[in-house]
Every structure is written in structure tokens, then in C-alpha cells.
Amino acid sequence: MLFNSLDFAIFLPLTFFIYWLLSKTNLRTQNLFILIVSYIFYGWWDAKFLILIFLSTLIDYSIGVGLNYYKKDFNRKILLWISICLNLGLLGYFKYYNFFLDNIKTAFSFFGNPIGIDSLSIILPVGISFYTFQTMSYTIDVYYKKLEPTKDFIAFGAFVSFFPQLVAGPIERASNLLPQFYTQRTFSYHKSVDGLRQILWGLFKKMVIADNCAKYANLIFENSNEYSGSTLFLGGVFFTFQIYGDFSGYSDIAIGTSRLFGFNLMKNFAFPYFSRDIAEFWRRWHISLSTWFRDYLYLPLGGSKGNLSTKIRNTFIVFLVSGFWHGANWTFIIWGLLNAIYFLPLLLTNNNRKNIEIVALNSSLPSLKDFFKIVFTFVMVVFSWIFFRSENITHAFEIINHIFSKSLFTIPEFEGIKKSIYLYLLLIFFISIEWIGRRNEHALESLGLKWNFFTKWCFYAFIVFLIGLFMQTEETPFIYFQF
């Protein structure tokens with residue numbers, strides 16, 4: 001079920017109404033209702049994959065119980081590796097089987113020994129990369145005794161399948177979200193209204209910014225051999241805003257929806273395109289995944305301890321694995337490698353923790369120095385997204401080769417460029433609102449709260465009007481559903 005669909009527009013208020021009616025009953029009934037509606041939400045796409053998410057839930061719940069039962073380190077370690085291998089095994093089969101098979105076949109053919117193994121027709125279950133990482137964090141935390149294992153299967157099942165963040169995150173830690181299923185939730189008007197504001201801005205990001213940028217990004221990338229370097233670079237910019245509006249828009253809707261039900265999810269984006277270097281960008285982009293890799297991969301590898309070569313090795317491993325997590329294509333691995341290379345100078349000069357606070361924290365505008373740093377970082381990010389968006393590595397290098405040519409200094413031209421003027425105005429509006437709200441949890445958190453009633457509601461109505469005016473006629477899935 002898509003957040004930007006009529007189905008969800010009916011599903012959400014109906015679920016909200018029944019949920020708070022059940023608040024008068026016991027907590028277990030309320031959690032059971034969350035579990036049921038979450039399975040309905042996920043099964044709306046393809047009901048047969050409910051078996052997969054139930055299996056993942058059952059495995060890690062049982063292993064959590066086992067980790068509490070067994071006291072010997074050897075037995076507990078075996079249970080931990082069973083959890084990791086089964087979760088990564090499921091993820092590897094559905095997401096990476098054909099990728100590895102195709103590369104093995106290519107390697108054998110290169111050495112003159114072709115093999116005749118056919119690829120399988122495998123449908124990737126929506127959200128599998130997200131909920132497998134979420135359940136693994138539970139068993140790892142229980143193993144290291146950072147978290148008490150739950151004995152409540154319903155609460156654990158609701159935690160794994162919690163519908164707002166099930167298919168595209170944030171990737172919640174059990175230590176944050178699971179305890180919220182043990183606590184009685186009470187309706188909060190303030191929290192619900194703030195949640196609705198965040199949902200509104202998330203829908204604007206997705207349906208206005210992302211979907212309209214996608215229209216031109218797709219046109220340019222799919223016909224890249226026909227366009228100049230300037231047009232291709234502009235296509236990269238369109239995709240840069242598309243993926244941010246799409247993914248952070250989903251996160252805003254997920255977090256806002258959770259607040260309607262009395263839950264607090266972790267912040268997943270912190271205005272990353274206002275970053276002054278690539279390290280700051282990665283502290284602000286897909287925070288739940290970045291911190292997951294930090295805590296469960298980078299630190300166990302030794303983190304920043306040890307000599308410089310160890311730090312560099314660990315950094316490259318994290319970025320490469322992060323790229324591979326995104327998809328079974330060498331373009332994602334090169335994307336991760338490129339970001340590691342971007343990060344390397346900051347690591348070598350110990351400047352990777354320089355820009356911690358949000359830019360222009362105590363002023364309305366950035367300094368000239370910060371402005372140029374933001375622009376430079378943004379351009380670096382645009383080039384990395386070219387690999388992310390391209391069909392394959394050859395396609396990516398062809399685009400970059402055309403960009404670094406004399407045609408970069410020509411006026412961009414593509415079909416419908418005159419009609420696209422509205423998009424530049426929308427982007428200016430979007431960037432302005434994000435800049436004003438950059439100090440908050442989301443852009444609309446405090447914007448307009450001190451305005452008079454009429455002005456405030458005219459502003460909200462204007463956003464709704466823009467959504468209605470510029471939304472696509474067909475439902476468009478979120479980009480990260482494929483991951």
C-alpha cells in the first residue's frame with residue numbers, strides 16, 4: 001500500500017479511529033491490532049510475502065529467547081550467527097542471487113569456460129532490506145546484553161512489522177521502538193497535529209518535488225546520448241532532488257504517521273543538502289542506515305581505533321557495504337566507493353567531525369564561505385547520484401564523459417524545457433521552507449505556529465493546493481521500495 005494512494009487515505013483514518021477506541025482496552029489488544037493492520041498494509045502489495053516477514057519475526061524472537069536461556073558464550077554465539085546467517089541468507093537469495101550468478105557466469109566466460117546456469121525469476125519482497133536489518137539489531141543487542149529479550153511475541157511482531165516504517169524505514173533499533181510497545185499510549189493532540197504537519201510536508205516532497213523532478217530526470221537519463229553536458233548535469237540535479245524528496249518524504253510520512261499512534265521514530269534526514277562537507281552529508285542522510293553500519297559494522301571492525309590504515313580500511317568497507325545494501329548492481333558499489341573517496345581527505349586531515357552543528361545556526365543566511373562549501377558538496381553529491389541512477393557502469397561513465405566536455409557550457413535543452421519553469425519555482429519554494437526549518441525535526445515543525453489563525457491555515461491550504469495541482473495522475477511508488 002502506497003502512502004500517496006487513495007487506499008492509504010482510507011486506511012489511515014479508519015485505523016487511527018479504531019486504534020484509539022482500543023486504547024480503553026488492555027495494551028496487548030492494542031498491539032495485536034497494530035500487528036493485524038501492519039500485515040494488511042504489507043499484504044496489500046503481495047500477500048504471499050507475509051510468510052517471509054512472519055518467518056523472520058519468529059526466527060529472531062526464538063533466538064532472543066534462546067540467548068536469554070543459554071548462559072555459555074559458545075551457545076549464545078552459535079545462536080547469534082544463526083540469526084545473522086538466516087537473515088542475510090534470505091536477503092541474499094531474494095536480492096543478490098542473480099547478481100552473483102551473472103557475475104560468476106561472466107567470469108567463467110572470460111576465462112573460456114562458459115557455464116549454462118539460468119538466472120531465476122525472483123521477485124524482491126518490498127522492504128526486506130529494512131526489516132531484516134531491524135530484526136538483526138534486536139538479536140545483536142540481546143547477545144551483547146544491551147537489551148532484555150522480549151517474551152511478548154505480539155509486541156515483537158508489531159515492532160518488526162510496524163506499518164508506517166515497514167517498507168522503507170527508518171530502520172528502527174529495538175532499544176528505541178520495542179519498549180514503546182510495552183508502554184500504554186495516550187492520545188496527544190499536540191503530537192498528532194505535529195504528525196499531520198510532517199505528513200503534509202512529506203506528501204509535498206514526494207508528490208510535488210520528487211515526482212515532478214522524476215519526469216525530467218527520467219527523460220534525460222533514458223535518452224542521455226541525445227543531450228549536451230549541461231543538460232545531463234541538470235538531469236543529475238533533477239535526480240538529486242527527486243531521490244531526496246522521495247526518500248525523505250517517505251520518512252516524514254512514516255514518522256508523522258507514527259506520531260498519530262503515539263510512537264516516536266528516529267529522525268532519518270536532517271536537511272543533508274545544506275551540508276558543508278561529505279562527512280556532514282552522511283551524518284544527515286539516511287541516518288538510521290548510517291548509524292546502523294556505524295554501530296554494527298564500523299565499530300566492531302575497530303572504528304577509528306588503531307593506525308591510519310585501519311581507519312581507512314574500515315571506512316571503505318562501510319561505504320562499499322552501504323552501496324551494496326542498496327542494490328545488486330555494480331553502479332551502487334561504485335557509488336559507495338566514490339563516497340569513500342570523497343570522505344578520505346577529511347579522514348586524513350581529521351576534519352571529518354568539523355561540521356557538527358547545522359549551518360548558520362544563529363543567523364538567517366550562511367556566510368559566503370559556508371555557501372560555497374554547501375554548493376561544492378552539493379555538486380559532489382550530484383555526481384555520485386549519477387552512478388546511483390544509471391542503468392550500468394558504462395552508462396554512468398558515458399554521462400560523466402559528456403558532462404566533462406565543451407557542451408557543459410551550453411544552454412540546457414530538452415523536450416518540454418519551457419514548460420519546466422514551474423519546477424524551478426517549486427524548487428525555490430521547497431529549498432526556502434527547508435532552510436527556514438533546518439533547525440527543527442522537520443521543516444514545518446515550528447513554521448507558522450506564531451502566525452495568526454487565518455495566515456497559518458492559508459499557508460497549509462496553499463501546500464495542499466500545490467499537491468493537488470502538481471501531483472501525478474497515476475500512483476508512483478517510492479524509490480526505496482526497490483531496496
Side-chain angles (χ1 to χ4, degrees), residues 3-6 8-10 12-13 16-17 20 164 187-213 241-242 244-265 267-274 284 357-367 370-371 374 420-472:
F3 282 159
N4 54 328
S5 68
L6 179 61
F8 187 73
I10 298 171
L12 180 59
F16 175 83
F17 178 73
W20 286 114
F187 178 76
S188 168
Y189 174 79
H190 173 75
K191 184 182 285 190
S192 296
V193 170
D194 184 62
L196 288 172
R197 282 197 296 268
Q198 192 163 3
I199 291 171
L200 176 63
W201 191 240
L203 289 171
F204 176 83
K205 284 181 177 181
K206 165 60 179 171
M207 301 174 75
V208 177
I209 298 301
D211 287 351
N212 282 278
C213 282
F241 281 107
Q242 177 197 350
Y244 174 63
D246 194 285
F247 193 20
S248 72
Y250 182 96
S251 293
D252 278 339
I253 299 169
I255 295 168
T257 300
S258 299
R259 291 177 71 79
L260 293 178
F261 295 89
F263 290 89
N264 294 311
L265 300 184
K267 188 175 184 178
N268 211 19
F269 290 87
F271 310 99
Y273 289 161
F274 299 142
R284 300 184 181 281
E357 296 289 344
I358 192 74
V359 64
L361 185 63
N362 299 312
S363 59
S364 300
L365 296 173
S367 65
D370 280 342
F371 174 75
I374 291 171
S420 70
I421 186 67
Y422 76 92
L423 183 54
Y424 307 117
L425 297 176
L426 289 171
L427 287 172
I428 291 171
F429 172 75
F430 170 64
I431 294 169
S432 300
I433 300 300
E434 289 266 298
W435 177 262
I436 293 169
R438 70 192 183 282
R439 301 180 185 91
N440 300 315
E441 289 296 306
H442 61 91
L444 298 187
E445 183 179 24
S446 60
L447 185 63
L449 293 185
K450 295 182 180 180
W451 298 348
N452 63 56
F453 179 86
F454 179 76
T455 304
K456 179 171 61 179
W457 282 99
C458 280
F459 175 69
Y460 296 149
F462 177 65
I463 295 177
V464 173
F465 170 75
L466 290 177
I467 293 173
L469 184 63
F470 293 106
M471 65 184 289
Q472 302 299 304

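Remember, predicted model here, so these are calculated numbers, not experimental data. Numbers here are sequence positions counted from 1.
Rounded to the nearest 0.5 angstrom, Phe241 CZ and Lys205 NZ are separated by 12.0 Å. In this structure, CG on Leu361 lies 7.5 Å from CZ on Arg438, to the nearest 0.5 angstrom. We find the CG-CZ distance between Asp252 and Phe269 to be 9.0 Å, quoted to the nearest 0.5 Å. Taken to the nearest 0.5 Å, the CD1 atom of Ile199 stands 4.5 Å off from the CG atom of Leu260. Taking CD from Glu441 and OG from Ser446, the interatomic distance works out to 11.0 Å, rounded to the nearest 0.5 Å. Leu447 CG to Asn440 CG: the interatomic distance, rounded to the nearest 0.5 Å, is 9.0 Å.
Judged purely by atom type and a 3.5 angstrom limit, Ser420 has no side-chain atom pairing as donor or acceptor with the backbone of Leu423. Of the possible polar contacts, one joining the Asn212 side chain to the Phe470 backbone as a donor-acceptor pair under 3.5 Å is found.
Considering only heavy atoms from C-beta on, Arg259 comes within 4.5 Å of Asn264 through its side chain. Two residues are said to be in side-chain contact when any heavy atoms from C-beta on lie closer than 4.5 Å; Ile467 and Leu200 meet this criterion. You'll find the side chain of Asp246 stays beyond 4.5 Å of the side chain of Cys213, heavy atoms only. In this structure, Phe261 and Thr257 have side chains that are in contact, with non-hydrogen atoms separated by less than 4.5 Å. Side-chain contact between Ile358 and Arg284 is present, with heavy atoms from C-beta onward closer than 4.5 Å. Side chains of Leu444 and Ile433 form a contact here, defined as non-hydrogen atoms less than 4.5 Å apart. Proximity of Leu466 to Phe462: side-chain heavy atoms (C-beta onward) are separated by under 4.5 Å at one or more points.
Between Tyr244 and Tyr273, the angle of the ring planes lies from 30° to 60°, which puts this pair in the tilted group. Between Phe271 and Phe274, the ring planes are parallel. Angles under 30° get that label, and only those over 60° would be called perpendicular.
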query = Where do Glu434 and Trp201 land on the side chain to side chain donor-acceptor pair (under 3.5 Å) test, with the steps shown first?
reply = CA-CA 10 Å; Glu434 289 266 298; Trp201 191 240; 2.8 Å; yes

key: From CA spacing to verdict: side chain to side chain contact (heavy atoms under 4.5 Å, CB included), Asn268, Phe247   = CA-CA 9 Å; Asn268 211 19; Phe247 193 20; 4.2 Å; yes

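Atom CH2 of Trp451 sits in a crowded spot, with more than 12 heavy atoms from other residues, nucleotides or ligands closer than 6.0 Å. Residue Tyr460 qualifies as enclosed at atom OH: its count of foreign heavy atoms under 6.0 Å is above 12. Phe453 CZ: 12 or fewer foreign heavy atoms inside a 6.0 Å radius. More than 12 heavy atoms of other residues, nucleotides or ligands sit less than 6.0 Å from atom CZ of Phe187.
Nearest heavy atom pair, residue Gly245 against residue Ala210, reads C-CB, 3.8 Å. Across Pro366 and Val359, no two heavy atoms sit closer than the pair CB-CG2, 4.2 Å. Nearest heavy atoms, Gly468 versus Met471: O-CG, 3.7 Å. For Ala254 against Phe3, the heavy-atom pair with the smallest separation is N-CE1, 4.0 Å.
In this structure, Arg197 pairs ionically with Asp194, as a charged nitrogen and a carboxylate oxygen lie closer than 4.0 Å.
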